[in-house]
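What follows is a single structure, written as structure tokens, with notes after it.
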Number of protein chains: 2
Amino acid sequence: MPSTAKNTEQELDTRQVILEAAYEEIHVRGFQAASLSKILSSTNVTKGALYHYFPTKLALGYAVVDEILADHIQQQWVQPLLQADDPITTFKNIIMQLGGEITEEDLQCGCPLNNLAQEMAPIDEGFRSRVEAVYRAWRKGIEKALVKGQESGFVNKNVNVTSVATMIVASLEGCMGLAKNSQSKKVLFQCGQSVMDYLESLRP
Amino acid sequence: MPSTAKNTEQELDTRQVILEAAYEEIHVRGFQAASLSKILSSTNVTKGALYHYFPTKLALGYAVVDEILADHIQQQWVQPLLQADDPITTFKNIIMQLGGEITEEDLQCGCPLNNLAQEMAPIDEGFRSRVEAVYRAWRKGIEKALVKGQESGFVNKNVNVTSVATMIVASLEGCMGLAKNSQSKKVLFQCGQSVMDYLESLRP
DNA sequence: TGACAAACATACCACCTGGTATGTATAACA
DNA sequence: TGTTATACATACCAGGTGGTATGTTTGTCA
């Protein structure tokens, strides 16, 4: 493990370079259609290097879920929610922020987690369980934030936090999915507004 | 075009046989990973026959959307909604009926329309626009039913029927997507219940 | 300095894919 | 009856895929 004097300037870990290139290819084409050759040619990494770090294409895909996607969800949703006091306001802020930042390309490609779930769940248990773990963490994070919000009076104590957390994730993914297909931010915002209205209805 | 004396007993149109086999393969594997050879071997149709009816794999995929998926949405959602008086009750009935009928296999494979949307929208405009047409018809059907419900006093006149219709489709697809990945009817029902609660909140 | 393993690089391969070229049986029609 | 178009059937092919076998460089440590 060098990473000492050599990687000073901007030389990233080769493994990380592969991982991120794979993430992007999979985001656009899906896992099955993702081409190792294209991943390699988009970087200047050779096949030997790739198979040095990942024994198989499947292992590479798993690593993308475990390391990249799990991290995204944690940083974009779970951590901000758990740090804040009022989960509903925080949630709306995150939605508006992410909605404002989204590029046309990201809109077209949709949520990478949902993409993998829909593509791989029926045909590979390894993918399914890994994606499920990320979803679980997401939902649990929301649930915790809601409970905390209930305790401090920001959330109605009647709401079933578990099913509400599930519903929130489901409608977010559904919105992203519809907007992705219609390729319009208008649909995304319209749909996001409905989710925020739903969130607002959870107040005491 | 024979279809006269020959197809009396149970001989289906060859074209239709291909289409339905293709629909199932695509439902499980996705379009890109769907194998023509497997479609053929699952029936007793030869490659010559397939390419007689469909000039390319893409054309076959398009036909599945245009003919099979559009029909499903129309029959399962739009027609019942437009025929009924109270759209909210009708909607809940459809959800419960479809939820009750769903097999483990269908749960695993998810909504074929959503699958194709997520997989193909970023990489093929022909698919995207065709899927979009089906979504549009779905949403317009719901919208019409909601307007009719507003006129006859079953639906709150304050609701924005357009964005509510979009939100309903989004949350339905989102629920199906989550349940598909978790492979549990429990999640499906829990999530479906939240959608029904949301529908109920649209009453006057 | 020598030995050894990690970190790549190159060349190659079997397999499967969508697609095509060509042949044939059958029905319709002149 | 001869002609022609439809509806298949069979055999084949180029291209791309994931994967592997083997070589080479480079850093580490005794």
Side-chain angles (χ1 to χ4, degrees), chain A residues 1-26 28-64 116 119-120 123-124 126-127, chain B residues 1-26 28-64 116 119-120 123-124 126-127:
Chain A
M1 241 172 278
S3 85
T4 45
K6 195 187 166 190
N7 300 8
T8 38
E9 297 251 311
Q10 81 246 38
E11 283 194 29
L12 285 168
D13 232 33
T14 302
R15 202 189 106 102
Q16 202 63 24
V17 168
I18 297 171
L19 218 61
E20 272 158 29
Y23 163 71
E24 286 184 21
E25 247 283 299
I26 293 172
V28 179
R29 316 246 168 200
F31 174 76
Q32 297 177 95
S35 155
L36 294 186
S37 320
K38 274 174 193 158
I39 292 173
L40 297 176
S41 67
S42 82
T43 60
N44 51 0
V45 173
T46 64
K47 199 167 258 191
L50 196 159
Y51 276 92
H52 174 70
Y53 289 105
F54 303 97
T56 160
K57 186 190 179 187
L58 205 59
L60 175 59
Y62 289 173
V64 167
L116 278 177
E119 180 189 4
M120 299 306 293
I123 54 182
D124 184 86
F127 259 112
Chain B
M1 237 172 283
S3 84
T4 46
K6 196 186 167 191
N7 301 5
T8 39
E9 296 250 313
Q10 81 247 37
E11 283 194 32
L12 284 169
D13 233 31
T14 302
R15 204 189 105 100
Q16 202 63 25
V17 168
I18 297 170
L19 242 128
E20 273 159 27
Y23 163 72
E24 286 185 21
E25 247 284 298
I26 292 172
V28 180
R29 315 246 169 200
F31 174 76
Q32 298 177 93
S35 156
L36 295 186
S37 320
K38 274 173 194 158
I39 292 174
L40 296 175
S41 67
S42 82
T43 60
N44 51 2
V45 173
T46 65
K47 199 167 259 193
L50 196 159
Y51 276 91
H52 174 70
Y53 289 104
F54 303 96
T56 160
K57 188 191 179 187
L58 206 57
L60 174 60
Y62 289 173
V64 167
L116 278 177
E119 180 189 4
M120 299 307 293
I123 53 183
D124 184 85
F127 259 112

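Please read these numbers as outputs of a predicted model, since none were measured by experiment. Residue numbers begin at 1 in each chain, while the letters A, B, ... track the order of the sequences.
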Please tell me if the side chains of [X] and [Y] come closer than 4.5 Å, counting only heavy atoms from C-beta onward.
X      : Y      : answer
B:E20  : B:E24  : no
B:L19  : B:V64  : yes
B:M120 : B:I123 : yes

Starting the side chain at C-beta, find the nucleotide from [options] nearest to [X].
X     : options                : value
A:K47 : C:dG19, C:dT17, C:dT10 : C:dT10
B:H52 : D:dG18, D:dC8, C:dA6   : D:dC8
A:T46 : C:dG19, C:dA9, D:dC8   : C:dA9
B:Y51 : C:dG19, D:dC8, C:dC8   : C:dG19

Using atom [atom1] of [X] as one end and atom [atom2] of [N] as the other, report the distance to the nearest whole Å.
X     : N      : atom1 : atom2 : answer
A:Q32 : C:dC16 : CD    : P     : 16 Å
B:L36 : C:dT20 : CG    : C1'   : 13 Å
B:I39 : C:dC16 : CD1   : P     : 17 Å
A:F31 : D:dG18 : CZ    : P     : 9 Å
A:R15 : C:dC8  : CZ    : P     : 12 Å
B:L40 : C:dG19 : CG    : P     : 12 Å
B:F54 : C:dG18 : CZ    : P     : 15 Å

Are [X] and [N] close enough that a side-chain N or O sits under 4.0 Å from OP1 or OP2?
X     : N      : result
B:T56 : C:dG19 : yes
A:S35 : D:dG16 : no
A:T14 : C:dA7  : no
B:S37 : C:dT17 : yes
A:Y53 : C:dC8  : yes

Practice task
Answer yes if the side chains of A:Q32 and B:Q32 hold a donor-acceptor pair under 3.5 Å, and no otherwise.
Solution key: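 There is no such pair between these side chains.
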Fill in the blank from the handout: Note: B:I39 and B:L60 closest approach over all heavy atoms is CD1-CD2, 4.2 Å
Handout entry: A:K38 vs A:G48, nearer the 5' end of DNA chain D by closest nucleotide
Key =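 By nearest-heavy-atom nucleotide position, the 5'-most residue is A:K38.
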Exercise for the section: For B:A34, report the nucleic acid contact type (base, sugar-phosphate, nothing); a contact means any heavy atom under 4.0 Å. Expected result: sugar-phosphate
Problem - Any N/O donor-acceptor pair, A:K57 side-chain to D:dG19 base, under 3.5 Å - result: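 Not at all, since no donor on one side and acceptor on the other fall under 3.5 Å apart.
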